[in-house]
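Quick caveat: nothing in here was measured; it's all calculated off a predicted structure. In what follows, chains carry the letters A, B, and so on, assigned in the order in which the sequence lines appear, proteins first and then strands, with residues in each chain numbered from 1.
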Amino acid sequence: MKNPIGNLNKIFDSRIRMGVMSVLLVNDEVNFNDLKQLLELTDGNLASHLTNLEENGYIKVHKGFIGRKTNTTYSITKAGEKAFAEHIEALENMIKNVK
Amino acid sequence: MDSQNPSLDTLKDIKRLMERSSRFISLSGLSGLSAGICALIGAYVAHSWIKSDFVTSNTRVLEPVHEIKIRLVLLAIVVLIAALGFSFYFTWNKARKNNLPIWDHTSKKLLINLMIPLAAGGFFVLGLLSQNEWRFVASACLVFYGLALVNASKYTLTDIRYLGLMEIALGLINLYYPEYSLYFWAIGFGLLHIIYGLIMWWKYDKAAVDG
């Protein structure tokens with residue numbers, strides 16, 4: 001028998017990283033403040049998880065400006081889309097097995 | 001099996017976040033209902049003005065006909081402001097109750113996509129009025145408003161798409177019966193809004209009130 005949790009992606013174990021991926025999958029570009037507001041997080045907490053996702057190549061960071069204020073936006077990469085889709089599929093399979 | 005399933009909870013969280021981050025979900029059914037009531041009151045007032053004016057203008061010259069047109073445009077503006085005010089209030093109220101922001105990137109996207117066809121429609125109607133062409137004003141209002149709703153449905157509750165399609169259909173039929181414009185206008189902006197508002201309230205808001 002196949003290991004039922006073998007396809008679960010460890011990186012998405014964290015609810016925060018999972019949340020970031022969910023938001024980025026359906027939005028082309030989301031800035032730091034909107035993410036923070038949606039996920040109800042503090043700056044430092046969100047930043048460390050974003051760095052983690054970026055290092056794994058799942059998200060891209062764009063640094064820009066609105067006037068003089070920095071505006072950092074995030075978007076999902078092809079690799080990120082694929083990894084997240086596989087993770088969701090693994091979750092769905094686990095539910096099917098329970099039923 | 002009804003036990004706590006962490007995988008299912010995670011999937012539900014993912015779905016909720018996807019919806020909340022890409023769609024403005026605080027649109028209240030009561031907004032539609034109140035806009036519809038404003039429109040019906042407006043249509044009733046307009047109807048009574050037109051009726052009394054027709055009686056008098058048979059015996060008088062054309063002067064009062066011009067005057068009533070200005071009054072009708074003013075009435076339309078008052079109805080629009082009242083409808084927008086009530087709609088905004090109920091939606092703002094719902095967002096506040098659910099602890100959701102009223103002004104975030106989802107409401108911005110919704111507003112921009114609603115405003116593009118709506119502004120085009122507004123200028124189109126102004127153009128018609130400047131040509132003294134009154135027969136197709138109601139038609140144009142309905143069609144452009146319908147297009148605006150269809151366009152905006154991608155950024156909020158998908159149900160407004162069907163409302164939009166019905167407004168477009170109504171506006172197009174109205175083109176062939178311009179003499180009944182006021183009735184079409186009352187059905188499109190009054191009746192359809194009230195029906196839609198009640199359905200939306202039943203579907204989304206009632207559960208929140210009960211629960």
Members of residues 102-113 of chain B whose heavy atoms come closer than 4.5 Å to chain A
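Within residues 102-113 of chain B, near chain A: Asp104(B), His105(B), Lys109(B).
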
Contacts table for residues 29-46 of chain B: side-chain donor-acceptor under 3.5 angstrom, sequence neighbours left out:
from     : atom 1 : to       : atom 2 : distance (Å)
Ser31(B) : OG     : Ser87(B) : O      : 2.7
Ser31(B) : OG     : Thr91(B) : OG1    : 2.8
Ser34(B) : OG     : Leu30(B) : O      : 3.0
Ser34(B) : OG     : Ser31(B) : O      : 3.0

Is [X] close to chain B through its backbone or its side chain, or both, or neither, when contacts mean heavy atoms under 4.5 Å?
| X | value |
| --- | --- |
| Glu29(A) | neither |
| Leu25(A) | side chain |
| Leu35(A) | neither |

Tell me, with the steps shown, if Thr73(A) and Val30(A) meet side chain to side chain contact (heavy atoms under 4.5 Å, CB included).
CA-CA 5 Å; Thr73(A) 59; Val30(A) 182; over 6 Å; no

May I ask you to decide if the ring planes of Phe12(A) and His87(A) are parallel, tilted or perpendicular, using 30° and 60° as cut-offs?
perpendicular

For the aromatic rings, using the six-membered ring if either is Trp, is the centroid distance between Tyr145(B) and Phe189(B) under 6.0 Å?
yes

Taking only Lys NZ, Arg NE, NH1 and NH2, and the carboxylate oxygens of Asp or Glu, determine whether Lys82(A) and Glu86(A) approach each other closer than 4.0 Å.
yes

Using a 4.5 Å cut-off on heavy atoms from C-beta on, say whether the side chain of Ser75(A) contacts that of His62(A).
yes

Please examine the side chains of Val20(A) and Arg17(A), heavy atoms only from C-beta on, and report whether any two atoms are closer than 4.5 Å.
no

Check whether Ser139(B) reaches the backbone of Gly171(B) with its side chain - one donor and one acceptor, N or O, closer than 3.5 Å.
yes

One option among Glu19(B), Arg16(B), Lys15(B), Met18(B) has the most heavy-atom pairs under 4.5 Å with chain A, and it is Met18(B)

